[in-house]
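Here the structure comes first, spelled out in structure tokens, and everything after it is commentary.
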Amino acid sequence: MKIAVIGTGYVGLVSGACFSHFGFEVVCVDQNAEKIKSLEKGVIPIYEPGLDHVILENRDKGRLTFSTDLKSSCENAVAIFIAVGTPTDEETGQADLTSVFEVGRQIAPLLKAYAVVVIKSTVPVGTAVRLRDVILQTNPHAQFDIASNPEFLREGSAVEDFLHPDRVVIGVNTKKAETVMRQLYMPLSDQAVPLVITSSASAEMIKYTANCYLAMRIGFVNQVSDLCEAVGADIAEVALGVGLDKRIGRHYFAPGPGIGGSCFPKDTLAMVGIAQDHRVSMSIIEEFIVANDKRREDVAHRVAAALGGDVRGKKIAIFGIAFKANTDDIRDSAAIIAIPSLQDMGCAISIYDPAAMENGKTLFKNIKWCDDLYEAAQDADVVVVLTEWKEFKDVDFAVLKSKVGVPLIVDFRNLYLPEIVTQAGFTYHSLGRAAKAAQ
Ligand code: UDX
């Protein structure tokens, strides 16, 4: 069976590579010829652990190819996956579907033999119906059905999340389309992965609801963390005591500098927009957005407070600018707000991140870019941990102490046991627990 995947971002590339890993013949299509050329040479344009291995193995087996040509790529495909970007429309706050409908118009004339057009991109409820209309308006004789097949891939673990998902969500409205989609996902359903076969509207709602719930969960634990600081409780112990309730769960319940990335900020805004369009209140998510924006702005103020308020001329070592560990993605990361704020306060900034430095250099100016965390810490008045890279967790405190100007750490990821840090001679500020002076 042949599949075409249109769009070679982390969703399209991971999906295409993993479908070829299942044994299907896959063509990954992109209009960006440079990107396609790199992929054909085995150069993977995104940082996604394990993706290069899956791509190279299946490219060499001839099951995975790359092309800029839509016509030949869609020829004889049983399914055409649309995995193009749906960024936030700055005016409306809604998802910008321009690329999705543009692809619909481009593939419509190609749908001579039946194929399932699968929406993999995150799209508002009702998009499947609109895409169907766009295709039929372009080619009334097109032979196709639409399926909604949202992804639940996390950056940094996308290959794992595709190959071992908790569930596969499939929105279809014909038996024919259902049969094709069941065939494509048999490698997973044969491993007892549940298939949720539903309508397109429900499939589209599942995606937004999942992301908004997860974002709200983090927003909630962040506010609980602040209250823990105020009342002298310990967020890790509170999260454990709460999370052991199987209705709540211990995973995905750690405080941080505010959520970032390419999905949650976009999807929460889109969900609020959809609700407003239908005159339904989604005030809980609206409040999450306000609280999360405020938290991201507070990062610089927390650092200033730890420095005693007088920050002009201080040297700040930033450990991590990626929005989370195991990715090079800095979109909507806490650093995006914190670094310019600290520079406006008159601070000098040095940065080290294991993967996101190149992306950071396109954004931040007047920075001392460092090759490792100890170089970044050299003569620093404070070390600020923004990303939970394992490399930072494994820091040698004795070496770090010998480098810094002032032994002070502000940790927005609670990487360390306070006792270890204070015994090493550092004053330690973290989230949801009392600040600890050096011993
Ligand atoms: C998310 C969803 O998890 C995924 O299912 C969806 O398909 C895409 O969006 P991603 O954006 O890659 O994935 O990152 P995720 O790991 O979910 O983290 C999102 C944000 O929450 C990050 O800023 C992260 O630092 C933060 N986070 C996550 C916390 O602050 N605490 C946690 O315990 C978990």
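We count ligands from 1, going down the list as the structure has it; atoms in each ligand are counted the same way.
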Looking only at protein heavy atoms, which one is nearest to [atom], and how far off is it?
atom	answer
atom 23 (O) of ligand 1	Gly260 N, 2.9 Å
atom 3 (O) of ligand 1	Arg154 CG, 3.2 Å
atom 9 (O) of ligand 1	Cys263 CB, 3.2 Å
atom 1 (C) of ligand 1	Phe264 CE2, 3.5 Å
atom 10 (P) of ligand 1	Lys324 NZ, 3.9 Å
atom 21 (O) of ligand 1	Ile259 CG2, 3.5 Å

Any non-hydrogen atom of [X] lying under 4.0 Å from ligand 1?
X	answer
His251	no
Ala254	yes
Lys266	no

Please confirm whether Lys207 makes a cation-pi placement over Phe152, using NZ or CZ under 6.0 Å from the six-membered ring centre and within 45° of the ring normal. yes
Measure from NZ or CZ of Arg132 to the centre of the six-membered ring of Phe144 and say whether it is under 6.0 Å with the direction within 45° of the ring axis. yes
Give a yes or no on whether the backbone of Phe288 and the side-chain of Asn292 come within a donor-acceptor separation of less than 3.5 Å. no
Check this for me: Arg302, atom CZ, are more than 12 non-hydrogen atoms of other residues, nucleotides or ligands nearer than 6.0 Å? yes
Got more than 12 heavy atoms from elsewhere within 6.0 Å of CZ, Arg250? no
Would you mind listing which atoms of ligand 1 come within a distance below 4.0 Å of any non-hydrogen atom of [X]?
X	answer
Lys207	6 (C), 7 (O)
Glu155	12 (O)
Arg413	25 (O), 30 (O)

Determine whether the aromatic ring centres of residues Phe220 and Phe253 are separated by less than 6.0 angstrom. no
Taking the six-membered ring for Trp, are Tyr374 and Tyr352 ring centroids under 6.0 Å apart? no
Output, in order, the C-alpha distance, side-chain angles, deciding distance and verdict of side chain to side chain contact (heavy atoms under 4.5 Å, CB included) for Trp369 and Phe364. CA-CA 10 Å; Trp369 296 100; Phe364 303 120; 3.9 Å; yes
With backbone taken as N, CA, C and O and side chain as the heavy atoms from C-beta onward, which portion of [X] lies under 4.0 Å from ligand 1: side chain, backbone, both, or neither?
X	result
Ile218	side chain
Arg331	neither
Asn211	side chain
Glu151	both
Arg296	neither

Aromatic ring pairing Phe162/Phe22, orientation class (parallel under 30°, perpendicular over 60°, tilted between): tilted
Does the plane of the ring in Phe397 sit parallel, tilted or perpendicular to the ring in Tyr416? Use 30° and 60° as the thresholds. perpendicular
Just distances here: any N/O of Leu153 and N/O of ligand 1 closer than 3.5 Å? yes
Could you give me the CA-CA distance, side-chain angles and deciding distance for Val172 and Thr198, then say whether side chain to side chain contact (heavy atoms under 4.5 Å, CB included) is met? CA-CA 6 Å; Val172 283; Thr198 182; over 6 Å; no
I want to confirm something. Looking only at heavy atoms, which of Phe412, Phe253, Tyr252 is nearest to atom 17 (O) of ligand 1? Tyr252
